[in-house]
Amino acid sequence: MNGKLLGSLLIGAGLIAGAAMYYLQVYAFYEPVELGPENADGFVAMGAVPLGGSEPVPIPIDGFSGIDSTSSPIRFRACFRVTDDAFDLGTFTPAEDPIPLNAPRWFSCFDAAQIGADLAEGRAAAILGEENVIYGIDRVLAIYPDGRGYAWHQINACGEVVFDGRPAPEGCPPPPAPGG
C-alpha cells in the first residue's frame, strides 16, 4: 500500500470520527422537555423554592422551550416567560453561586454568557427552582423584570463533595446507594 493512500485513509477516518464526536456531543443525546399539562387555571408551571421552604411551589409560565439529556444530569436548559404580573422574586430562595452553563448553539433561546453577565450586573435575579432535583444537582432559575426566565441544572455544594468520592458533609442529605 503506498503512503498517499494510507495517509488519505487515516485522515478520512479522523475526519469521520471527529464529525461523529461533534454530532454526539451537540445533537445526539438531547431531547425536548415537556412540562406537565396545563392546570385548572390554564397555565403550565415551573417550580421555585419559597423563602424558608424546601419544596418548590408552582409559578405560572408560558412559552416554555426546554431540552435535557439522560447522558448527564446538568444538560437541562429551558427558556420561558413568567405570566404572573404580581410575581415577587423577593419571596423565593436566592440561588447560591448561579452559573448558567452553555447550551448547544441550536438551542438559541438560551445564551449562557448573556444570562451570566445579566446576573452579575443585577439585570436578572437567580432563584432556586428545586434543590436536589437529582442528588447533588439543583435547578436554578434566572428571572428578568420583564418576565423572561431561564433554567438550568448545576452541581450544588453536596454534589461537589460526594461526586469527588468524599463523604457527604454535615447538612447534606445522604447520597443514594451506588448504582441506585
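Predicted, not measured: the structure shown is a model, and the values here were computed from it.
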When you look at Leu141 and Met46, which way does the side-chain contact (heavy atoms from CB on, under 4.5 Å) test go after all the steps? CA-CA 9 Å; Leu141 311 179; Met46 174 70 76; 3.9 Å; yes
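Heavy-atom minimum distance, Leu51 versus Pro94: CD2-CD, 4.0 Å. Heavy atoms only, all atoms of each residue included: Ala95 and Val140 are closest at CB-CG1, 3.7 Å. Here the closest heavy-atom approach between residue Thr93 and residue Gly52 is recorded as OG1-N, 4.4 Å. Here the closest heavy-atom approach between residue Leu119 and residue Ala142 is recorded as CD2-CB, 4.1 Å.
Residues Cys172 and Val161 have side chains not in contact (no heavy-atom distance under 4.5 Å, counting atoms from C-beta outward).
Under the 3.5 Å distance criterion, the side-chain polar atoms of Thr83 are left unmatched by any main-chain donor or acceptor of Asp62. Using a distance-only test at 3.5 Å, with no hydrogens or angles considered, no donor-acceptor pair links the side chain of Asp118 to the main chain of Arg123. Judged by distance alone, the side chain of Gln154 and the main-chain N or O of Ile99 form a donor-acceptor pair under 3.5 Å.
Among the candidates Leu128, Ile143, Val57, the single residue satisfying the side chain to side chain contact (heavy atoms under 4.5 Å, CB included) test with Phe92 is Val57.
Among residue pairs with one or both ends in residues 107-144, those qualifying as ring pair (Phe, Tyr, Trp, His ring centres under 6.0 Å) are Tyr144-Tyr150; sequence neighbours excluded. The salt bridge (Lys or Arg N to Asp or Glu O under 4.0 Å) pairs that include a residue from residues 163-173 are Asp164-Arg166, where partners are two or more places apart or lie in different chains. Within the structure, every pair that satisfies the disulfide (SG to SG under 2.5 Å) test and touches residues 78-151, not counting sequence neighbours, is listed here: Cys79-Cys109. Residue pairs meeting the ring pair (Phe, Tyr, Trp, His ring centres under 6.0 Å) criterion with at least one partner in residues 152-176, sequence neighbours excluded, are Phe76-His153.
The closest side-chain donor-acceptor pair between Glu160 and Asn156, if any, does not fall under 3.5 angstrom.
With sequence neighbours excluded, no residue forms a side chain to side chain donor-acceptor pair (under 3.5 Å) with Glu96. Contacts of Ser72 classified as side chain to side chain donor-acceptor pair (under 3.5 Å), with partners at least two apart in sequence or in another chain: none.
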